[in-house]
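Below, chains carry the letters A, B, ... as their sequence lines are ordered, and counting in each starts from 1. All values below were derived from every heavy atom in this structure, side-chain atoms included, with hydrogens, water molecules and symmetry-related copies excluded.
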Amino acid sequence: MSKSVKCYLECCKSSHPKIQLPHNLPVLIGRMPELAVTDKMCSRNQLELTANCQKKYVLVKRLGANKSQINGIDIEQNKSSRLEEGHELHIVNGKYPHQIYFTDENTDTKAQKSTISSSRIQTEKADISSKESVHKRQKVTSKTKAKKAKITLKENDSPSTDSVYTFNSPDAGTLSTQKLESKNTSRIPEKHHWSQGLRASMSDAELIVLEDEKLVVIRDKFPKAKYHWLVLPKEGISSTKNLTFENIDLLQHILKVGKEIANEVTDEDIAFRFGYHAVPSMSQLHMHVISQDFNSPCFKTKKHWNSFTTDYFVNATDIIQELATDGKVQDRKKLTSLLNAPLKCHRCKELQKNIPTLKKHIQKCCIVL
DNA sequence: GTTCTAGAAC
DNA sequence: GTTCTAGAAC
């Protein structure tokens with residue numbers, strides 16, 4: 001599997017073609033033409049990037065004297081931080097933003113032929129297996145063609161994992177023979193807990209569907225239905241428990257925009273719900289806009305199902321009503337037990353043995369209705 | 001032997 | 001939130 005997954009470093013400002021990061025081989029980047037970085041504040045060996053294509057992250061070790069950042073957090077010199085898809089890496093002093101992404105080369109070709117649509121909303125379909133990477137690949141490929149990429153990676157003489165990849169360019173020439181000193185293999189704790197991922201996603205251009213001065217709408221990274229978006233306020237609000245009377249207008253606006261997005265869907269017989277999880281896992285208030293087909297490969301577990309089809313899913317109108325009445329949203333921690341409730345069809349309420357059986361059932365049940 | 005789930009790890 | 005995987009269920 002790892003052979004087919006490839007990792008790429010992409011400039012957020014499209015200043016240079018994408019760069020492939022080989023699995024488990026350190027790559028040195030910094031002040032060099034290939035990155036379009038001429039800033040003297042940037043070392044020629046500013047960062048060492050080591051991709052893990054199996055687990056889909058890149059370890060970023062800062063070698064240069066000046067600061068580099070992941071999602072605005074400084075990376076300490078000679079220490080490694082974990083960079084994941086959706087994170088933003090600034091190569092030096094908050095400049096030169098880059099992101100990484102992974103592609104499964106085997107699935108891209110097939111998807112490229114079938115999934116591109118002219119309608120914006122159509123492109124939001126939960127065609128998960130390959131679509132996201134297709135978009136990225138198309139975008140980057142066109143850039144690459146336009147600029148006639150000349151970047152090649154040159155492997156050192158040193159064997160396998162102890163070798164350092166660097167760019168075969170005049171500026172970087174002296175680096176090509178550099179051997180990596182004894183590798184610091186100790187894993188540095190992540191700067192960001194997984195629960196902060198949504199905040200990063202809010203600025204991910206690949207996920208953003210629309211935004212205004214108050215909110216951002218993004219595609220859910222792991223949609224649980226054919227259509228699944230998240231509407232998030234730009235204001236830092238962790239969850240519904242932090243809401244007050246003052247937020248009623250904001251929540252009404254969030255709901256209005258969510259409904260507008262859903263209204264753009266032209267599929268027949270597709271219903272939507274708009275609401276919040278009783279006890280959300282991810283920080284930053286987010287309203288789900290989710291179609292009721294639950295037809296998605298990312299819908300896998302009982303917890304997924306029950307979080308959208310039991311009282312654990314709280315209608316946005318109920319939240320707004322509670323705020324209007326009480327000035328706060330009631331504590332629903334006790335509803336967490338609903339996540340383990342027996343699997344039940346959300347339409348006919350028939351009990352289902354397991355997830356595969358439920359999936360088959362709801363396909364038929366949705367068609368009937 | 002294969003499928004599926006649930007809990008640990010991240 | 002997801003991924004991984006041991007062990008239960010089939």
Side-chain angles (χ1 to χ4, degrees), chain A residues 1-2 4-5 7 23 50-60 70-71 73 80-87 100-102 104 107 126 128-133 185-204 206-207 216 218-225 228-232 237-241 275-290 294 296-310 312-314 332-333 335-344 351-362:
Chain A
M1 192 178 91
S2 63
S4 62
V5 178
C7 179
H23 175 66
T50 310
N52 186 327
C53 293
Q54 291 169 336
K55 297 191 175 177
K56 295 193 173 179
Y57 66 82
V58 171
L59 278 185
V60 180
I70 293 176
N71 284 347
I73 307 291
S80 299
S81 291
R82 192 160 148 148
L83 178 70
E84 298 181 7
E85 283 182 301
H87 289 172
I100 54 160
Y101 67 91
F102 294 85
D104 185 334
T107 58
I128 310 309
S129 58
S130 55
K131 181 111 175 294
E132 199 166 332
S133 59
T185 52
S186 61
R187 180 68 55 83
I188 304 301
E190 289 180 64
K191 299 279 184 183
H192 290 278
H193 190 259
W194 55 260
S195 62
Q196 301 300 314
L198 271 186
R199 298 191 197 269
S201 295
M202 287 175 71
S203 54
D204 184 343
E206 293 289 330
L207 296 177
V216 177
I218 61 173
R219 287 185 293 116
D220 192 298
K221 257 186 171 178
F222 300 92
K224 305 303 184 296
H228 188 180
W229 295 283
L230 303 178
V231 189
L232 307 101
I237 301 173
S238 293
S239 75
T240 51
K241 69 183 176 189
Y276 300 82
H277 280 152
V279 187
S281 303
M282 305 292 277
S283 187
Q284 185 61 7
L285 185 73
H286 54 283
M287 185 189 76
H288 294 269
V289 176
I290 184 164
F294 296 104
S296 167
C298 294
F299 156 37
K300 295 175 179 174
T301 69
K302 176 184 268 190
K303 184 179 170 184
H304 291 157
W305 177 253
N306 285 331
S307 71
F308 288 102
T309 61
T310 67
Y312 191 89
F313 189 86
V314 186
R332 289 181 167 86
K333 283 198 190 81
L335 296 182
T336 302
S337 60
L338 289 174
L339 296 175
N340 288 317
L343 295 170
K344 196 187 284 185
L351 281 172
Q352 302 298 319
K353 187 174 64 178
N354 54 37
I355 296 292
T357 310
L358 171 68
K359 285 198 169 210
K360 285 176 194 161
H361 173 84
I362 58 177

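Partners of A:K333 by salt bridge (charged side-chain N to carboxylate O under 4.0 Å, His left out), not counting sequence neighbours, listed by chain and number: A:D331. With sequence neighbours excluded, the residues forming a side-chain contact (heavy atoms from CB on, under 4.5 Å) with A:K344 are A:K349, A:L351, listed by chain and number. Partners of A:S307 according to the side-chain contact (heavy atoms from CB on, under 4.5 Å) rule, which considers only residues two or more places apart in sequence or in another chain, are A:H277, A:Y312, A:L339. Shown here are the side chain to side chain donor-acceptor pair (under 3.5 Å) partners of A:S238, two or more places apart in sequence or in another chain: there are none.
Nucleic acid contact for A:S281: base, since at least one base atom lies under 4.0 Å from a heavy atom of the residue. Residue contacts shown for A:L198 are absent, as no nucleic acid heavy atom lies under 4.0 Å away.
Note: NZ (A:K303) to C1' (B:dC4) measures 18 Å, nearest angstrom. A straight line from CG of A:N306 to P of C:dG1 spans 13 Å, rounded to a whole angstrom. The separation between A:D220 atom CG and C:dT2 atom C1' is 12 Å, rounded to whole Å. One can place CZ of A:F299 at 14 Å from P of C:dG1, the figure rounded to the nearest angstrom. One can place NZ of A:K360 at 11 Å from C1' of B:dT3, the figure rounded to the nearest angstrom. Rounded to a whole Å, the CH2 atom of A:W194 is 5 Å from the C1' atom of C:dG1. Protein atom CZ of A:R82 is 12 Å distant from nucleotide atom P of C:dT3, rounded to whole Å. Atom-to-atom, CG of A:L285 to C1' of C:dG1 comes out at 16 Å; the value is rounded to the nearest Å.
Near DNA chain C, meaning a heavy atom under 4.0 Å away, there are no residues from residues 336-344 of chain A.
By the neighbour-count criterion of 12 heavy atoms within 6.0 Å, atom NZ of A:K359 is densely surrounded, having more than that number from other residues, nucleotides or ligands.
In terms of heavy atoms, A:P280 sits closest to A:H286 at CB-CE1, 4.1 Å.
By the 30° and 60° cut-offs, the orientation of the rings of A:H304 relative to A:F299 is perpendicular. The aromatic rings of A:F313 and A:H288 lie tilted to each other, with the angle between the two planes from 30° to 60°.
Stacking annotation: A:F222 is not stacked on the base of C:dG1 (requires ring centroids less than 5.5 angstrom apart and an interplanar angle below 30 degrees).
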Within the sub-3.5 Å range, which N or O atoms of nucleotides 5-10 of chain C have a protein N or O partner, and how far apart are they?
none

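Taking 4.0 angstrom as the limit, A:K224 places a side-chain polar atom (N or O) nearer than this to OP1 or OP2 of C:dT2. Phosphate proximity of C:dT2 to A:H304: present, with a side-chain N or O under 4.0 Å from OP1 or OP2.
Inspection of the A:D204 and A:S201 side chains reveals no N or O donor paired with an N or O acceptor under 3.5 Å.
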